[in-house]
Engineer: 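Please read through the structure below; I'll follow up with questions.
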4 protein chains.
Amino acid sequence: MCVMALPRSGPIRSEAARLAILDAAVALFAEHGYDHLTIEGIARRAGVGKQTIYRWWPSKGDVLAEAILEGRLLGPQREVPDTGDPRADLAAWLTEIFTLRASADGEGLLRSLVAASAGSAETGRRLRSEILAAPLMDRLSRAMGDAGGPRLEAAADALLGAVILRALSREHFASADMLALVDVVVGPPPR
Amino acid sequence: MCVMALPRSGPIRSEAARLAILDAAVALFAEHGYDHLTIEGIARRAGVGKQTIYRWWPSKGDVLAEAILEGRLLGPQREVPDTGDPRADLAAWLTEIFTLRASADGEGLLRSLVAASAGSAETGRRLRSEILAAPLMDRLSRAMGDAGGPRLEAAADALLGAVILRALSREHFASADMLALVDVVVGPPPR
Amino acid sequence: MCVMALPRSGPIRSEAARLAILDAAVALFAEHGYDHLTIEGIARRAGVGKQTIYRWWPSKGDVLAEAILEGRLLGPQREVPDTGDPRADLAAWLTEIFTLRASADGEGLLRSLVAASAGSAETGRRLRSEILAAPLMDRLSRAMGDAGGPRLEAAADALLGAVILRALSREHFASADMLALVDVVVGPPPR
Amino acid sequence: MCVMALPRSGPIRSEAARLAILDAAVALFAEHGYDHLTIEGIARRAGVGKQTIYRWWPSKGDVLAEAILEGRLLGPQREVPDTGDPRADLAAWLTEIFTLRASADGEGLLRSLVAASAGSAETGRRLRSEILAAPLMDRLSRAMGDAGGPRLEAAADALLGAVILRALSREHFASADMLALVDVVVGPPPR
DNA sequence: GCCTAATCGAGACGGTACGTCGGGTCTTGGA
DNA sequence: TCCAAGACCCGACGTACCGTCTCGATTAGGC
């Protein structure tokens with residue numbers, strides 16, 4: 001009396017096509033940014049029919065989200081460094097995030113990620129939790145002497161959000177500013 | 001000693017057309033969000049030729065930026081309230097920003113603003129400085145006992161950025177979370 | 001030893017769309033003349049995407065040429081009548097060609113055909129060979145007592161060209177003039 | 001009791017502008033053909049406001065017609081040569097007309113003239129009477145031994161029309177064909 | 001020497017159509 | 001059943017011209 005997976009005949013989903021699509025999406029995203037990313041372009045580049053994309057993903061944002069999830073977009077996650085000075089480490093890492101750029105059009109990659117997030121719920125969710133917050137949490141937790149909870153989440157959002165806001169406003173983000181940000185959020189350095 | 005505007009004969013720019021375009025852009029933006037905003041749609045709604053838009057603005061983002069600058073988008077700026085409890089006031093105002101919504105498609109207005117900012121430098125600049133930061137500064141300055149400078153800027157970016165990041169990730173933002181955010185950035189409440 | 005059509009999978013050309021386009025083109029051409037014939041108008045009338053036209057024809061002239069080839073434009077070919085008086089028969093038929101008119105704008109259909117021919121090589125070729133010369137040849141051959149060859153071709157061009165030139169110059173073409181033309185080209189009537 | 005031209009003050013029509021417009025129209029027509037001739041282009045090239053064109057001519061066709069009338073388009077009228085062999089002279093002259101070409105796009109000038117005629121009554125009238133027929137009449141009259149009248153007109157139309165029809169159909173017009181045409185229309189050579 | 005009126009250059013305006021791109025759906029034929 | 005290929009309808013893109021209009025400057029009579 002168990003629920004049987006309803007049996008299906010015919011070929012199953014082609015893993016090769018899936019990978020080709022994700023690779024093509026990542027490459028085109030990096031080259032031209034989110035706005036110029038198109039389903040047709042992905043299909044062309046991947047050597048795949050458009051329908052094969054539409055069959056499995058509802059939108060270009062979700063293709064991207066899956067690529068992000070599998071770590072294809074930014075390569076292996078950058079760890080926050082550990083030099084003994086938690087504030088400086090955090091500032092360095094945030095600066096790296098801020099200056100993420102791979103697009104041939106000179107568009108910041110971070111800004112493209114934000115555009116993708118604005119357009120796709122799934123991408124938005126993953127941008128925050130997996131791309132940005134995940135590598136940050138451990139170090140931030142130690143820097144704040146806080147095991148977790150709302151304060152830690154709030155601090156992570158504050159740091160990352162500030163970086164995003166600066167990226168959106170196309171303003172320079174001097175390292176002094178970055179340190180000031182860390183101080184405000186993490187707390188003043190102990191004497 | 002003065003810069004002479006080079007004199008040109010011929011008809012001057014039609015203010016009526018300019019206003020019709022900005023109004024149409026604001027209305028369509030509010031109704032359908034940034035992604036579904038089109039130059040053709042604006043022109044149609046405004047009763048204007050497309051060329052009249054392209055003549056004066058390079059992209060839909062810049063039309064929107066001008067509308068924002070003139071305060072057409074959100075109406076008169078919301079002031080941060082003053083109830084005597086600066087933390088609660090800030091939290092209330094941030095919550096209002098977070099829940100900004102006018103779109104018929106259920107798209108958050110804040111998310112559309114972020115999309116617009118990702119696509120247009122001018123909009124990005126104004127989103128941060130005029131829409132978000134401006135009404136916040138005075139109250140934040142008093143709450144932090146800080147006259148200005150990098151710390152104040154960093155705090156504003158942190159608060160607003162956190163709100164944006166949450167909006168992008170489509171997560172609920174409980175009022176307790178909001179208070180935690182304010183505490184982390186502004187500092188703990190005095191005993 | 002035969003040329004293989006390279007096999008292609010995927011949908012084939014829609015005959016329904018092709019016919020709808022040709023019908024729409026013919027109708028609009030007859031109604032408004034060649035100058036006011038537009039690809040957009042054809043697409044609209046045919047209930048078809050513009051791209052479907054551009055996919056198969058390089059220009060509006062070539063759409064028209066195909067319609068002509070299939071006899072859609074002027075209906076079944078008018079035969080030159082046979083009353084026993086070859087000169088009068090030819091004159092009557094030429095007069096009918098001269099006065100071809102279907103356009104709602106009062107533009108002569110012949111003039112529109114000439115405009116189409118000036119704009120499209122294919123239409124030009126067909127105007128001469130299929131629309132005009134074909135029904136004429138048999139009768140002309142008998143009237144001149146000539147089995148064919150350059151003299152017959154020249155005579156056909158002379159008759160039809162004269163009619164076209166008069167149509168272009170918007171001059172009246174009295175039946176006496178028409179008879180004079182036939183006499184000059186075919187030769188004087190036998191006594 | 002005559003009709004007085006109603007007295008007007010103010011500047012009179014600028015002859016310089018008129019000439020610049022006609023020159024520009026002729027140059028652009030020769031370079032790009034009738035289809036690509038535009039009022040804006042003429043105005044730009046002539047250094048003239050569009051209104052100055054619209055003030056004096058109803059359409060581009062009429063600008064061209066005026067240029068033709070003043071002999072700007074084809075330079076001084078080519079005379080039919082006189083070598084003693086009227087048939088050969090006529091054939092040579094008709095061949096010259098047939099091969100008229102000045103356009104940078106490779107479009108035959110004759111075909112552009114036909115397009116212009118199809119679009120503008122005035123141009124059509126002048127194409128036949130002034131450009132084509134006028135230089136032909138004298139020689140044709142002598143070749144046919146005919147002082148004028150419907151037969152002469154018909155012969156002229158037949159010769160010129162045949163050349164036009166061949167030009168429209170983009171067919172080669174061998175010199176033997178041309179001689180056959182002359183024979184058919186003018187009559188067989190005397191023995 | 002004004003005034004009036006028309007001309008001229010320039011070009012903004014509301015439109016229509018251009019030819020292209022991409023969206024999302026549907027239809028083949030092959031595996 | 002999936003896949004590649006791609007035709008289909010549709011809507012938007014950004015551009016070119018249309019014909020009308022409105023400017024400021026200029027230029028000729030008529031007073």
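Every chain is numbered from 1 and lettered A, B, ... according to where its sequence line falls, protein lines coming before strand lines.
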Engineer: Should B:L73 and B:L113 count as side-chain neighbours, where that means a heavy-atom distance under 4.5 Å?
Structural biologist: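 Yes. Closest side-chain heavy atoms under 4.5 Å.
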
Engineer: Between A:I53 (CD1) and F:dA4 (C1'), how many Å, whole number?
Structural biologist: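 Interatomic distance, CD1 of A:I53 to C1' of F:dA4: 12 Å.
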
Engineer: The helix from E:dG1-F:dC31 to E:dA31-F:dT1: angle between its terminal axes, five pairs each, to 10°?
Structural biologist: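 The helix from E:dG1-F:dC31 to E:dA31-F:dT1 shows an end-to-end axis angle of 10°.
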
Engineer: Answer yes or no: is there a side-chain heavy-atom contact under 4.5 Å between D:I39 and D:W57?
Structural biologist: no

Engineer: Within a strict 4.5 Å, meaning less than it, do heavy atoms of the C:R55 and C:R13 side chains meet?
Structural biologist: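 Result no, sub-4.5 Å side-chain heavy-atom pair not found.
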
Engineer: Strictly below 4.0 Å, N to O, side chains only: are D:E31 and D:R45 in salt-bridge contact?
Structural biologist: yes

Engineer: Over how many whole Å does the gap from B:Y54 atom OH to E:dA17 atom P extend?
Structural biologist: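 Between P of E:dA17 and OH of B:Y54: 18 Å.
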
Engineer: Tell me the interatomic distance from A:I42, atom CD1, to E:dG23, atom C1', rounded to whole angstroms.
Structural biologist: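 Distance, rounded to whole Å: 13 Å.
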
Engineer: Rounded to whole angstrom units, what separation is found between the CD1 atom of A:I21 and the P atom of F:dC2?
Structural biologist: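 So the two atoms are 13 Å apart, to the nearest Å.
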
Engineer: Is there a side-chain contact between D:D62 and D:T123 in this structure, where contact means two heavy atoms from C-beta onward sitting under 4.5 Å apart?
Structural biologist: no

Engineer: Heavy atoms under 4.0 Å is the rule here; annotate nucleotides 5-12 of chain F 5' to 3' with B where the base is hit, S where only the sugar-phosphate is, and - elsewhere.
Structural biologist: BBSBSB-S

Engineer: Taking only distance into account, with no hydrogens and no angle test, what donor-acceptor pairs under 3.5 Å do side-chain atoms of residues 15-27 of chain C form with protein atoms, sequence neighbours excluded?
Structural biologist:
unit_1: C:E15; atom_1: OE1; unit_2: C:R18; atom_2: NE; d: 3.2
unit_1: C:E15; atom_1: OE2; unit_2: C:R18; atom_2: NE; d: 3.4
unit_1: C:E15; atom_1: OE2; unit_2: C:R18; atom_2: NH2; d: 2.9
unit_1: C:R18; atom_1: NH1; unit_2: C:E66; atom_2: OE2; d: 2.5
unit_1: C:R18; atom_1: NH1; unit_2: C:E70; atom_2: OE2; d: 2.8
unit_1: C:R18; atom_1: NH2; unit_2: C:E70; atom_2: OE2; d: 3.4
unit_1: C:D23; atom_1: OD1; unit_2: C:R72; atom_2: NE; d: 3.0

Engineer: Do B:I68 and B:L127 come close enough that some side-chain heavy atom pair is under 4.5 Å?
Structural biologist: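 They are not in contact (no side-chain heavy atoms under 4.5 Å apart), so the answer is no.
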
Engineer: Do D:K60's NZ or CZ and the ring of D:F29 fall within the cation-pi criteria of under 6.0 Å and 45°?
Structural biologist: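 The answer is no, since D:K60 fails at least one limit relative to D:F29.
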
